[in-house]
Engineer: 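Structure below; questions to follow.
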Amino acid sequence: MVRVKHELAAWFEEALGRLGWIALAGNLIDRPREPGHGDYSSHVALRLAKSLGQPPLALAQTIVANLPPSPWIERIDIRPPGFINLHLSFEALLSELAHMLDETHPYGHAAPGATRVLIEFVSANPNGPLHIGHGRGAAFGDTLARVLEALGSRVEREYYVNDAGRQMDILALSVWIRYCEHLCDAALDFPSAGYQGDYIRDLALELLEVEGPRFLRTQEQMPETIPPDVEEGDGRDQHIDARIALMKTTLGAKDYEGVLGFARGKMLEVIRGDLADFGVHYDRWYSERSLYEDAKVAEMIRLLEERGETYRRDGALWFRASSHGDEKDRVLMRTNGEYTYFAPDLAYHLDKMRRGYDRLINVLGSDHHGYAPRIRAGLEALGQDPKRLEVRLVQFAVLYRGGQRVQMSTRSGSFVTLRELVEEVGRDAARFFYVLRSEAQHLDFDLDLAKSHSQENPVYYVQYAHARIASLFRESTERGLKPDTGDREAWGQLQQPPERALLTTLTRYPEILEQAAGGYAPHLIAQFLREIAQAFHVYYHAVPLLIEDRALRNARLGLCLATRLILADGLSLLGVSAPSKM
RNA sequence: GCCCCGGUAGCUCAGUUGGAUAGAGCGUCCCCCUCCUAAGGGGAAGGUCGGCGGUUCAAAUCCGCCCCGGGGCACCA
């Protein structure tokens with residue numbers, strides 16, 4: 001794959017090398033906004049002026065004089081105060097067009113290389129269905145994975161399943177109470193810290209269906225050893241923990257595990273289904289429990305201890321995180337002998353490091369931002385290079401319907417699930433809207449806009465351009481004007497301003513992909529697809545395509561096909577379909 | 001209090017790692033289907049890039065302080 005921008009940068013470096021001027025950090029070659037400033041430009045003369053003590057305009061002239069001849073460039077302008085503007089030759093554009101039409105090598109993609117990347121995203125606890133916040137992480141993570149793959153990385157997608165610990169106990173308790181309620185046909189005491197959502201009742205019914213009533217236990221009265229339930233504070237946790245303990249003794253270890261295992265398995269199934277229907281597929285579901293079973297947590301702790309990174313205080317085991325850039329030291333094992341969430345998670349990250357990836361990417365919700373320094377500190381203490389870990393925080397999404405903010409609250413279970421969103425607006429709109437904005441931005445998600453099949457909806461705008469081209473080809477065939485995009489006879493006539501503009505826009509695609517991958521910025525692709533669609537719609541209006549002149553018609557249809565291929569490619573990177581009819 | 005993210009047109013947001021006259025979509029106001037999909041196109045109005053300093057030939061972009069919005073600061077996960 002040829003990347004014009006790289007060619008031009010190398011070209012400039014050659015001239016600078018000849019002159020014995022040191023190459024500067026940063027970009028040598030830009031895309032100017034102003035069309036009159038050429039297809040590419042360089043401000044290198046401006047930046048060299050100071051260190052060389054010469055006026056930038058004179059430097060620009062010297063540099064240009066030392067540029068070897070290039071088939072890419074037909075004209076070079078030097079403009080005050082010292083910009084060098086480059087105008088691509090028409091031949092260069094046509095050569096790019098040929099690349100675009102080569103369907104064996106998608107334009108802008110790179111051949112698979114040696115770089116191995118592990119991207120972990122979503123990793124929501126399996127204690128409920130995914131909600132729209134997870135959806136954004138899913139869309140971002142998966143799109144990023146696709147973009148990195150397109151540029152040659154070997155990417156693995158991984159979901160870390162927090163299937164151990166207290167949350168699973170709360171899930172089991174919640175399901176069990178609903179199960180018993182259903183069997184006794186009576187409302188039981190439901191802890192305020194339990195999971196309130198309707199899906200818990202569904203799980204309880206399924207449990208009854210599969211396992212029968214064998215988990216039913218009756219209890220006349222709540223034992224007095226159970227602290228009273230409260231809405232807020234420590235008492236809330238104490239109450240539910242006591243209820244969990246009571247459930248364990250009441251059911252016995254085997255039946256307790258029966259309920260918990262069922263609920264966990266079902267919940268994972270639900271999540272997996274939600275993601276699959278969203279077009280997201282994982283290479284690995286990594287279980288937190290397996291870390292215990294394989295003694296990886298204990299081993300990690302031992303390693304930390306050997307390295308003198310731990311100490312005991314107040315009966316707990318602490319990690320010296322503050323010696324590695326974290327705000328404070330962190331507890332690994334609580335006074336009650338149980339690990340904190342941090343311990344297995346650090347063991348997990350150590351495991352990921354040892355698996356030999358060049359880069360680890362974690363996509364987390366923005367509420368986890370304080371967590372990254374802790375993991376970095378841990379990895380450093382374990383002798384790993386924390387710079388190999390890249391953490392991206394995805395900001396929250398807020399839904400709007402009818403101009404009103406849709407209220408959500410996890411505690412009461414009244415959140416909008418990813419599945420509901422997809423059912424309401426469709427997968428294409430959901431995925432497109434999610435990645436239309438930078439993940440660092442709070443997202444206002446307008447449900448009405450996402451649903452509307454009209455011009456203000458950017459998804460349809462882009463898809464419509466694709467469908468229009470497909471329609472052109474159908475129409476052409478129907479009229480007996482069989483398209484032959486291999487016919488290059490009249491390529492030289494693709495000189496109308498709108499078609500040159502379209503072609504020039506398309507040549508930016510490889511640069512956009514590179515930027516999106518390098519900056520973890522898939523939103524650039526969504527934005528750029530809109531630009532392509534716009535350039536195409538303008539072209540479509542301004543220039544008649546299905547004309548009598550066979551050669552020119554084929555040339556124009558070739559340009560249309562190139563547009564279609566790039567639109568389809570970009571959409572597929574976003575996980576959005578490219579319909580051929582709308 | 002400390003930390004992170006954000007503040008750009010009426011609204012929602014881009015802004016190529018410091019470059020030229022700050023852009024797009026929507027909304028508003030004009031205009032365009034005898035014609036390959038009007039889910040489209042053309043045009044107009046709309047800006048103290050949160051504020052004040054600083055660095056630089058050049059700042060929306062880098063630095064400092066301040067204001068506003070969101071999030072985070074557990075022996076929770």
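Reminder, nothing fancy here: chain letters follow the sequence lines and each chain counts from 1. Quick caveat, the model's predicted, so the values are computed rather than measured.
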Engineer: Can you tell me, in whole Å, how much space there is between the C1' of B:rC66 and that of B:rA58?
Structural biologist: 26 Å
Engineer: For B:rG41, does OP1 or OP2 lie under 4.0 Å from any side-chain N or O of A:Tyr461?
Structural biologist: yes
Engineer: Send over the distance from A:Leu443 CG to B:rU12 P, rounded to a whole Å.
Structural biologist: 12 Å
Engineer: Measuring only the C1' atom in each nucleotide, how far is B:rU28 from B:rC11? A whole number of Å is fine.
Structural biologist: 12 Å
Engineer: For nucleotides B:rG53 and B:rU16, find the distance between their P atoms and express it as a whole number of Å.
Structural biologist: 25 Å
Engineer: In terms of relative ring orientation, are A:Phe536 and A:Tyr539 parallel, tilted or perpendicular, with 30° and 60° separating the classes?
Structural biologist: perpendicular
Engineer: Measure the shortest side-chain to side-chain distance between A:Val391 and A:Tyr371 over non-hydrogen atoms and say whether it is less than 4.5 angstrom.
Structural biologist: no
Engineer: For nucleotides 6-8 of chain B, which of its nitrogen or oxygen atoms have a protein nitrogen or oxygen under 3.5 Å away, and what is each distance?
Structural biologist:
unit_1, atom_1, unit_2, atom_2, d
B:rG6, O3', A:Gln441, NE2, 3.4

Engineer: I'd like to check the ring pair (Phe, Tyr, Trp, His ring centres under 6.0 Å) partners of A:His134; sequence neighbours left out, ordered by chain and number.
Structural biologist: A:His131
Engineer: Quick one: which of B:rA14, B:rC75, B:rU16 gets closest to the side chain of A:Arg33?
Structural biologist: B:rU16
Engineer: Identify which nucleotide among B:rG71, B:rA20, B:rC13 has an atom closest to any side-chain atom of A:Phe83, counting heavy atoms from C-beta outward.
Structural biologist: B:rA20
Engineer: Can you identify which nucleotide, out of B:rA39, B:rG42, B:rA38, has its nearest atom closest to the A:Val538 side chain?
Structural biologist: B:rG42
Engineer: B:rG70 P sits how many Å from A:Leu393 CG, rounded?
Structural biologist: 19 Å
Engineer: Just to be sure I understand the rule, does A:His368 reach a base, reach only the sugar-phosphate, or reach nothing, if contact means heavy atoms closer than 4.0 Å?
Structural biologist: base
Engineer: Can you tell me how far P of B:rC75 sits from OH of A:Tyr341, to the nearest Å?
Structural biologist: 16 Å
Engineer: Any side-chain N or O of A:Arg166 under 4.0 Å from OP1/OP2 of B:rA77?
Structural biologist: no
Engineer: Could you note down all residue pairs passing salt bridge (Lys or Arg N to Asp or Glu O under 4.0 Å) where residues 540-562 of chain A supplies at least one of them, sequence neighbours left out?
Structural biologist: A:Asp487-A:Arg550, A:Glu489-A:Arg550, A:Glu499-A:Arg556
Engineer: Using the salt bridge (charged side-chain N to carboxylate O under 4.0 Å, His left out) criterion, which residues pair with A:Arg401? Sequence neighbours excluded.
Structural biologist: A:Glu424
Engineer: Who passes salt bridge (charged side-chain N to carboxylate O under 4.0 Å, His left out) against A:Glu309, sequence neighbours left out?
Structural biologist: none
Engineer: Could you state the CZ-P distance from A:Phe319 to B:rA74, rounded to the nearest angstrom?
Structural biologist: 17 Å
Engineer: How would you label the contact of A:Gln534 with the nucleic acid (heavy atoms, under 4.0 Å): base, sugar-phosphate, or nothing?
Structural biologist: sugar-phosphate
Engineer: Counting any heavy atom closer than 4.0 Å, what does A:His37 reach on the DNA or RNA strands: base, sugar-phosphate only, or nothing?
Structural biologist: base
Engineer: When you match A:Gly370 and A:Tyr40 each to their closest nucleotide on RNA chain B, which lands nearer the 5' end?
Structural biologist: A:Tyr40
Engineer: Mind checking A:Ser41 for me? I need base, sugar-phosphate or nothing, with any heavy atom below 4.0 Å counting as a touch.
Structural biologist: base
Engineer: Which listed nucleotide (B:rC13, B:rG41, B:rG25) is nearest to the side chain of A:Arg530?
Structural biologist: B:rG25
Engineer: Among B:rA77, B:rA14, B:rC57, which is the nearest nucleotide to the side chain of A:Leu46?
Structural biologist: B:rC57
Engineer: Could you check whether A:Ala372 gets within reach of a base, just the sugar-phosphate, or nothing at all, counting any heavy atom under 4.0 Å?
Structural biologist: nothing
Engineer: side-chain hydrogen bond (donor to acceptor under 3.5 Å, both in side chains), that's the test. Do A:Gln463 and A:Asp428 meet it? Break it down for me.
Structural biologist: CA-CA 10 Å; A:Gln463 288 183 321; A:Asp428 285 346; 3.0 Å; yes
Engineer: Can you check the distance between B:rA74 and B:rG69, where both ends of the measurement are the C1' atom (answer in whole Å)?
Structural biologist: 26 Å
Engineer: Taking B:rG27 as the reference, what is the distance to B:rG70 when you measure between their P atoms (whole Å, please)?
Structural biologist: 29 Å
Engineer: For A:His537, give me all partners under ring pair (Phe, Tyr, Trp, His ring centres under 6.0 Å), at least two apart in sequence or on another chain.
Structural biologist: A:Tyr461, A:Tyr464
Engineer: Syn or anti for B:rC33, please, going by whether the chi angle lies within 90° of 0.
Structural biologist: syn
Engineer: Under a 3.5 Å cut-off for both distances, is B:rG25 Watson-Crick or wobble paired, and to whom?
Structural biologist: B:rC11
Engineer: By the 4.0 Å heavy-atom rule, please label A:Val462 as base, sugar-phosphate, or nothing.
Structural biologist: nothing
Engineer: Specify the separation, in whole Å, of atom CG of A:Leu524 and atom C1' of B:rA24.
Structural biologist: 13 Å
Engineer: Could you check which of B:rA74, B:rC5, B:rG71 has an atom nearest any side-chain atom of A:Gln395?
Structural biologist: B:rC5
Engineer: Using atom CD1 of A:Ile84 as one end and atom C1' of B:rA20 as the other, report the distance to the nearest whole Å.
Structural biologist: 14 Å
Engineer: Give A:Ile547 one of three labels, base, sugar-phosphate or nothing, depending on what nucleic acid heavy atoms sit under 4.0 Å from its own.
Structural biologist: nothing
Engineer: B:rC62 and B:rG1: how far apart are their C1' atoms, nearest whole angstrom?
Structural biologist: 27 Å
Engineer: A:Ser366 near the nucleic acid: base, sugar-phosphate alone, or nothing, with a heavy-atom cut-off under 4.0 Å?
Structural biologist: sugar-phosphate
Engineer: Base, sugar-phosphate or nothing for A:Phe396? Non-hydrogen atoms, less than 4.0 Å.
Structural biologist: sugar-phosphate
Engineer: Among B:rC4, B:rA77, B:rC75, which is the nearest nucleotide to the side chain of A:Arg374?
Structural biologist: B:rA77
Engineer: Starting at the 5' end of RNA chain B, which residue's closest nucleotide do you reach first, A:Asn85 or A:Glu327?
Structural biologist: A:Asn85
Engineer: When rounded to the nearest Å, what value does the distance between C1' atoms of B:rU12 and B:rA59 take?
Structural biologist: 25 Å
Engineer: Let's see if you can work this out: which of B:rA20, B:rU16, B:rG19 has an atom nearest to the side-chain heavy atoms of A:Arg47?
Structural biologist: B:rG19
Engineer: Of all the choices, B:rA14, B:rC57, B:rC73, which nucleotide is nearest to the side chain of A:Lys328 once you look at every atom?
Structural biologist: B:rC73
Engineer: Step through it carefully: locate the ring centre of A:Tyr520, locate the ring centre of A:Phe140, and say whether they are under 6.0 Å apart.
Structural biologist: no
Engineer: Identify which nucleotide among B:rC75, B:rC36, B:rA24 has an atom closest to any side-chain atom of A:Asp314, counting heavy atoms from C-beta outward.
Structural biologist: B:rC75
Engineer: In terms of ring plane angle, is the pair A:Tyr341 and A:Tyr160 parallel, tilted or perpendicular, where the classes change at 30° and 60°?
Structural biologist: perpendicular
